[in-house]
Amino acid sequence: MTSSSFSALPLSPAQLDNLAQMGYAAMTPIQAQSLPLILEGRDLIAQAKTGSGKTAAFGLGILHRLNPAQWAVQALVICPTRELAEQVAAELRRLARAAGNIKVLTLTGGASARPQVESLAHGAHIIVGTPGRLLDHRDRATLDLSAVRTLVLDEADRMVDMGFFAEVLDLASTCPASRQTMLFSATYPDTIRQDAGGLLRDPAMVQVDTAHVAGQIRQHFHEVTDDRRFEAVGRLLLQHQPASALLFCNTKAACADLAAWLAHAGFSALALHGDKDQRDRDDVLAQFANHSCTVLVATDVAARGLDIPALPMVMNVDLARDPAVHVHRIGRTGRMQAHGLALSLCNADERHVAARIEKHQAEPLDWVALPPPRAGKAPEQAPMVTLLILGGKKAKLRPGDLLGALTGDGGLTREQVGKISITDQVSYVALDRRIAHQAFPRLKNILIKGKPQRMKLL
Ligand code: ADP
Ligand code: MG
C-alpha cells in the first residue's frame with residue numbers, strides 16, 4: 001500500500017510546511033503513485049483525469065532536481081495553451097516558495113516577445129510555455145535549453161490533438177539526453193504511445209483509473225428531441241439551480257446559439273470557444289470564475305485546461321462521441337472531495353453513443369425523465385458583476401491597490417467586492433450585483449495608485 005502523506009516522501013521540512021500551508025493535507029491518488037518514482041528520477045507517463053493534481057506531481061519533481069544557485073533554465077514545461085501555462089506557472093511558484101529565490105517564467109504566444117526576451121536575459125530556472133513560442137525563442141537563441149534536467153509535457157493528448165506534437169519533439173531534441181522526461185495526459189491514446197515513445201527512457205507508467213469517477217459524481221441521462229434540446233437545458237438549470245455549470249456542445253455554432261438562447265431566457269450565460277480572441281476569452285473566464293456568469297457553454301477544445309475547482313454541475317448538451325472524452329468532461333465536477341452532478345442529453349441518434357459510454361463505464365446509465373416546464377419561474381441572476389479595469393500587472397496594479405481604492409474613494413464595503421484577478425494588461429473585480437450599477441458612476445472617477453483608470457462593467 002502506498003502512504004498518502006507527503007511526509008512519506010524525501011521532501012524538505014520547508015516544502016512539507018509549504019504544502020500544509022497550501023492546504024494539501026494528503027497526496028491525491030496520482031501524486032501518491034507517481035511521486036516516489038518522479039523523485040527517484042525515473043522517466044514517467046502519467047494518466048489521470050483533469051483536476052487530479054498532476055501539476056504538483058511534476059512540480060515537486062522539478063523542484064527536487066533544481067539547483068536554485070544555478071541561474072540556467074533547468075526545467076521546461078510544455079503546455080498546449082496560454083491559460084494552462086499560466087495556471088501551471090502559478091502552481092509552480094506556490095510550490096517554489098519553500099525553495100527560496102526561484103524564477104518561473106512563462107513563454108507563450110499572444111504576448112509580445114520582446115519583454116520575454118528581456119526576462120530571459122535576467123535568467124530563469126523554470127520555463128513554462130507553448131510550443132510555437134518556445135521554438136521561436138530557441139531558434140533566435142534567446143532560450144538556451146542546454147542545462148535542462150527536467151522536461152515535462154503537460155496535457156500531451158491535447159498537444160497531439162492540436163497538431164503540436166512535431167514542435168514538441170523538436171523542442172525535446174534540444175534538451176540534453178540525460179534529462180528526466182515526464183508526460184502527463186488526461187487520456188492516453190495510441191497516437192501518443194507511438195509519437196512520444198522515443199522521448200522517454202524506460203518510462204514508468206502510472207494510471208489512475210479514469211473510468212472510476214463514479215461515487216463522487218451523480219450522472220443522469222435525459223432523452224430529448226433536437227427541437228427541444230435548448231428548452232431541456234433551461235428546465236434542468238431551473239430544476240437544479242447550480243451556482244455554476246459548465247455546458248458542453250460539440251460545435252462552436254451550437255455553443256454560441258445555446259448561450260444566446262439561455263441569455264435571452266434570463267440566465268447569466270456566456271459562450272467560450274476557440275474563435276474568440278484572447279481578451280474575449282479572458283473576459284469570459286474571469287466572469288465565470290468570479291460568479292458574474294453562472295453558465296459557461298464551451299467546446300471540448302475551449303474548455304480544456306480550465307482550472308475551475310469544484311464545479312457543481314456539468315452538462316453534456318451534445319454527447320461526446322468518444323467515451324473517454326465523456327469521462328473527462330464529467331470529471332470536471334465532483335473534484336477532490338466535493339460532490340457533483342453530471343447531466344447528459346441524448347436524442348434517438350445518440351443512443352448508440354450512450355451505449356458506448358455505458359459499456360465504457362461498466363455500469364448501467366441512469367435515465368431520468370425531464371422535469372416539467374416551470375411556467376413563470378425566472379432564473380436566478382449571477383450574484384456578481386465584473387468591473388473591468390484597463391490596467392493590470394504592467395501598470396503595477398495589485399489586488400490590494402484595487403481593494404483599497406474601491407473601498408476608500410469608491411465607497412464600497414469589503415463585502416461588496418468579490419474575487420480580484422489581474423492579468424498583464426487588465427484587472428477584473430467582482431462586485432455585488434445589487435450595488436454594481438449604481439456604484440459605477442462613482443467608481444469610474446476614483447484614482448488607483450494616484451491615477452485615473454479607464455473601466456467598464458462587463
Ligand atoms: P490536473 O493537472 O490533474 O488537471 P491540477 O494540478 O490543476 O490538476 O490540480 C487541480 C486542483 O487540485 C488545483 O486547484 C490544485 O491546487 C489542487 N490540488 C493538487 N494537489 C492537491 C492536494 N494534494 N491536496 C489538495 N488539493 C490539491
Ligand atoms: Mg493539468
Side-chain angles (χ1 to χ4, degrees), residues 2-9 11 15-36 38-39 44-63 77-98 104 106 108 128-130 152-162 182-188 192 206-210 212-213 216 244 246 285 289 300 303-311 314 324-325 327-338 340 419 421:
T2 42
S3 161
S4 71
S5 168
F6 281 107
S7 60
L9 300 171
L11 296 173
Q15 186 60 274
L16 292 174
D17 270 358
N18 184 40
L19 288 165
Q21 270 180 34
M22 288 168 69
Y24 291 12
M27 290 191 268
T28 65
I30 190 73
Q31 290 164 356
Q33 287 191 38
S34 65
L35 271 165
I38 292 173
L39 297 177
L44 180 89
I45 295 172
Q47 183 199 341
K49 67 178 171 128
T50 298
S52 52
K54 296 189 286 294
T55 319
F58 65 72
L60 289 169
I62 287 174
L63 293 165
V77 182
I78 313 179
C79 299
T81 66
R82 189 187 82 151
E83 280 125 22
L84 256 168
E86 295 293 348
Q87 284 163 17
V88 166
E91 174 95 348
L92 292 178
R93 288 188 187 110
R94 295 202 294 153
L95 292 167
R97 281 191 305 222
V104 181
T106 54
T108 61
V128 186
T130 46
V152 176
L153 315 184
D154 195 19
E155 305 248 0
D157 50 351
R158 189 75 220 117
M159 296 203 281
V160 171
D161 290 352
M162 293 169 86
M182 296 182 254
L183 184 151
F184 287 79
S185 205
T187 60
Y188 189 54
I192 305 191
V206 175
Q207 206 165 3
V208 171
D209 193 359
T210 43
H212 196 82
V213 289
Q216 312 253 65
S244 44
L246 180 59
L285 288 174
D300 289 301
R304 197 52 168 263
L306 273 183
D307 181 25
I308 295 157
L311 272 173
V314 166
V325 173
V327 170
H328 188 229
R329 284 180 177 181
I330 68 173
R332 293 175 162 284
T333 181
R335 279 193 195 182
M336 308 305 295
Q337 274 15 286
K419 185 174 154 94
S421 58

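Computation of the quantities below employed the complete heavy-atom set of this structure, encompassing side-chain atoms and omitting hydrogens, waters and symmetry-equivalent molecules. Counting convention: from 1, in listed order, for ligands and their atoms alike.
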Minimum heavy-atom distance I30-Q47, with the two atoms named
CD1-O, 3.8 Å
Relative to the heavy atoms of F6, which atoms of ligand 1 are at a distance of less than 4.0 Å?
23 (N)
How does E91 reach ligand 1, if at all, at less than 4.0 Å between non-hydrogen atoms: by side chain, backbone, both, or neither?
side chain
Given that the side chain starts at C-beta and the backbone is N, CA, C, O, which of these parts of R94 lies under 4.0 Å from ligand 1, counting heavy atoms, or is it both or neither?
side chain
Report yes if A56 has an N/O atom closer than 3.5 Å to an N/O atom of ligand 1; otherwise report no.
no
Nearest heavy-atom contact between Q33 and Q207 is OE1-O, 3.7 Å
Assess the side chains of S5 and S7: does a donor N or O sit below 3.5 Å from an acceptor N or O?
yes
Enumerate the atoms of ligand 1 whose separation from the nearest heavy atom of T55 is less than 4.0 angstrom.
2 (O), 5 (P), 6 (O), 7 (O)
Can you find an N or O of G53 that's nearer than 3.5 Å to an N or O of ligand 1?
yes
Which part of Q87 is near ligand 1, with near meaning a heavy atom under 4.0 Å away: side chain, backbone, both or neither?
neither
Before you tell me yes or no, could you show the steps for L60 and Q31 under side-chain contact (heavy atoms from CB on, under 4.5 Å), namely the whole-Å CA-CA distance, both residues' side-chain angles and the distance that decides it to 0.1 Å?
CA-CA 10 Å; L60 289 169; Q31 290 164 356; over 6 Å; no
Those atoms of ligand 1 less than 4.0 Å from some heavy atom in T50:
4 (O)
Which part of F184 is near ligand 1, with near meaning a heavy atom under 4.0 Å away: side chain, backbone, both or neither?
neither
Could you check whether any heavy atom of S52 sits closer than 4.0 Å to an atom of ligand 1, since that is the contact criterion I want to use?
yes
Under 3.5 Å, is there a donor-acceptor pair between the side chain of K49 and the main chain of V327?
no
Please name the pair of heavy atoms, one in G53 and one in T28, separated by the smallest distance, quoted to 0.1 Å.
CA-OG1, 4.3 Å
Correct closest heavy-atom pair for L95 and A56 would be CD1-CA, 3.8 Å
At less than 4.0 angstrom from any non-hydrogen atom of K49, what atoms of ligand 1 do you find?
3 (O)
Strictly by modelled atom types, are N18 and Q21 linked by a side-chain donor-acceptor pair under 3.5 Å?
no
Determine whether the side chain, the backbone, both or neither of A186 has a heavy atom under 4.0 Å from any heavy atom of ligand 1.
neither
How far apart are the closest heavy atoms of A186 and D157, and which atoms are they?
N-OD2, 3.6 Å
Ligand 1 to A26, heavy atom cutoff 4.0 Å, flagged ligand atoms 22 (C), 23 (N), 24 (N)
Examine E155 against ligand 1 and note whether any of their N/O atoms are separated by less than 3.5 Å.
no
